[in-house]
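Quick caveat, the model's predicted, so the values are computed rather than measured. Lettering of chains follows the sequences in order, A, B, ..., and the numbering in each one begins at 1.
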Amino acid sequence: MSLLKKSAVLQSIYTAAVPLLLLLLSFSTPATAKPLVVATVPALAQIAQAVGGIDISVKSLTRIGHDPNVFSPRPGHARALSNAMLLFSVGFGLESSWLPSLIKRSGNSKIIPGSDGYFSGGDAIEAIGVPRGMSSQQISQWSPDKNPYWWLDPEMGIKVAHALAVRLSELDAVNAERYQQRATEFKKAVKERLPVWRDYMNIHTGVVITYHNTYVYFMEAMNIELGGFIEPRSGIEPSTRYMDDLLRVIREKNVKLIWVEPYNNRAIAKRLAGAAGIKMMILPDAVEGYGTEGYIGMFDLMVERVARWSQ
Amino acid sequence: MILLTVLIATLVIAITLPVLGQRVLERRIVFVDLALAQVAATGYAMGMALQIPGVYAAAATTSIALVLMALMDEDTPLPKEAVMGAVYAFAASVGMVLLSLLPYGEGQLMGLLFGSVLGIDWQGIIELSVFAGLGLLLALPEHSNTFSGRLRFYAGLSLIIVPAIYAIGVLLVFAYLVMPALSVWRRGHNGPTWQALTLAVIASTAGTLLADFLDLPPSATVVLTLAFIAVVTGLIIYFIDRNRPEELEEDEEEDDEENEEEDGPQRSSLTD
């Protein structure tokens, strides 16, 4: 009797559970899921959103404030990559310490470098040359083909957005025209703001010293002269002689500001600023926001912050 | 100007850390400085996550760690280095998880764990000296293997080590804590403190000036200079010792007698 009762209860549980399970599965893997584009840094995710719009979904592996040079991926990042149609990376070696192993772990053969599902900004643009205002000693430490921070130049962002639109069109031919159209709209929106940013920077900025070479593209785009880097080789402590040389450069070139990335050690920059009697500021390399608005918002914030600290 | 602050900062640690290092070697707890620094950094990260001032959170976690470490008897059958290593690994892992959740946490925590001697200014040197002075006052008085004695020693140690690592980095602190004391170490015992201090001061001066002259990173160059001088001094001491076996044996016998005299009352007070 009790056995009969048990089997009846079990049957009713099955009757209720099976449709519920099917319903849940239908939500988790919808038949009409948008193609997933995974970007390595937040600014690239914004460019992808600007070009892909509602036709794709976009995820960024690193978040605002993470140093993309030394990112530690989690299993969730490998899972995200396993479903990706396209992997959008910065290139020029920025993610070389962690991205290759992450791609391997994802098991997604479509996003291997060299395949159609892998798109690197480094393949679409030329790295900039030695920036203006550098001494011969600094030039010898400069690697022009290695600077990966191209997204901080709005014009580089436009070039890469167009190349991305071409790649998305190849992968998703149905929406090809929409990708091209959005890339053109992105270009128009960024170009409209560019003169405003340049005007602001011309008024407010003189020669600037930065911690690493992160902002060189931004400085080139905004016609800002670079006085030097505090740490010319990433991760290698500068010498006392080099620091005293920087103090001389600060005096000679009337440098008023030092820029430091949000994720870098501020102690040395603070010390140099204190010794020279100038200011040190943290300059973001990404901001919250979606698509074109987010990308433009990053430059708005950078320009506004530099202008405020330069006063 | 930067050269001068770097030189003074390295001299401050050259005067304070070798003395402390001898106490650390004596107790076989070399990993304690890394463990304490990591606990403080993790506390700072917890403070950021809970939106309370990081310094207070770091002080709180370090105090808890101090009490827990002080509960462990120095004659414990547990391998003390393994316990310190475990504390370090645990605190580092908690810090890493917190770091992954915090925007902009990375830079602040890196700054806290890996300071640079180039980043220290005159105010920093004064703070470092004050903390070092207070720490030595607590850590140097007579060795007592009681809860209060151990707590006093660990508190003194953390007062020196944590601000020093924050100010000048883990590389220099660890090197100055261990190398001079190790260099003058003789037959299972600490050597004369003046020898450890002298070689540390010479290494600070020579290393800092050499780094400036050769345009090299000061922290690593000072550590390399210290290592070189420590090895040379160690070898000289070794050969001098070897050439005077009788004298040393006599010294050793005298030491043993003294130790027996010292240990006797201490043991009885502990058993009381």
Side-chain angles (χ1 to χ4, degrees), chain A residues 42 61-77 137 140-141 211-212 214 230-233 235-248 250-251 260-277 280 282-288, chain B residues 1-10 48 92-93 95-97 99-125 128 163 165-172 207-223:
Chain A
L61 293 174
T62 61
R63 291 188 305 164
I64 293 165
H66 279 155
D67 181 355
N69 283 292
V70 289
F71 177 62
S72 305
R74 296 195 294 270
H77 295 120
Q137 188 202 359
S140 68
Q141 294 168 336
Y211 196 81
H212 279 159
T214 313
I230 292 177
E231 201 179 270
R233 292 174 202 171
I236 309 287
E237 193 180 51
S239 71
T240 44
R241 200 206 304 179
Y242 180 81
M243 290 282 282
D244 282 326
D245 280 347
L246 274 185
L247 279 174
R248 188 179 42 77
I250 290 171
R251 276 194 303 273
V260 182
E261 298 82 355
Y263 39 78
N264 274 328
N265 190 346
R266 289 151 211 182
I268 302 178
K270 214 171 166 183
R271 169 77 185 112
L272 187 72
M280 180 210 83
I282 309 298
L283 193 62
D285 61 355
V287 297
E288 297 286 354
Chain B
M1 189 190 261
I2 305 257
L3 173 66
L4 190 62
T5 47
V6 169
L7 181 63
I8 304 291
T10 53
M48 289 198 301
S93 305
M96 218 175 278
V97 170
L99 198 69
S100 69
L101 304 173
L102 294 171
Y104 299 114
E106 199 174 358
Q108 290 189 46
L109 207 61
M110 290 289 278
L112 196 68
L113 252 188
F114 303 105
S116 168
V117 71
L118 286 171
I120 198 162
D121 56 9
W122 292 111
Q123 194 191 330
I125 289 173
L128 188 68
I165 288 181
Y166 174 58
I168 59 167
V170 74
L171 191 65
L172 277 171
T208 308
L209 296 177
L210 197 68
D212 190 75
F213 182 69
L214 297 175
D215 199 18
L216 292 171
S219 302
T221 312
V222 169
V223 171

Spacing of B:L210 atom CG and A:S239 atom OG [to the nearest 0.5 Å]
11.5 Å
Roughly how far apart are A:D244 CG and B:D212 CG, rounded to 0.5 Å?
6.5 Å
Given that the side chain runs from C-beta out, which part of A:L247 has a heavy atom under 4.5 Å from chain B: side chain, backbone, both or neither?
side chain
How long is the straight-line distance from CD1 of B:I120 back to CD1 of A:I268, given to the nearest 0.5 Å?
12.0 Å
Which residues satisfy the side chain to side chain contact (heavy atoms under 4.5 Å, CB included) test with A:E231, sequence neighbours excluded?
A:Y211, A:H212, A:P238
When A:T240, A:I282, A:V260, A:L272 are compared by non-hydrogen pairs under 4.5 Å with chain B, the top option:
A:T240
Name all residues meeting the side chain to side chain contact (heavy atoms under 4.5 Å, CB included) criterion together with B:T5; count only those two or more places apart in sequence or in a different chain, and write none if there are none.
A:R271, B:W122, B:I125
Which heavy-atom pair separates A:M243 from B:L118 by the least distance, and what is that distance?
CG-CD2, 4.0 Å
Quick check on side chain to side chain contact (heavy atoms under 4.5 Å, CB included): which of B:T221, B:L171, B:L216, B:V117 does A:E237 satisfy it with?
B:V117
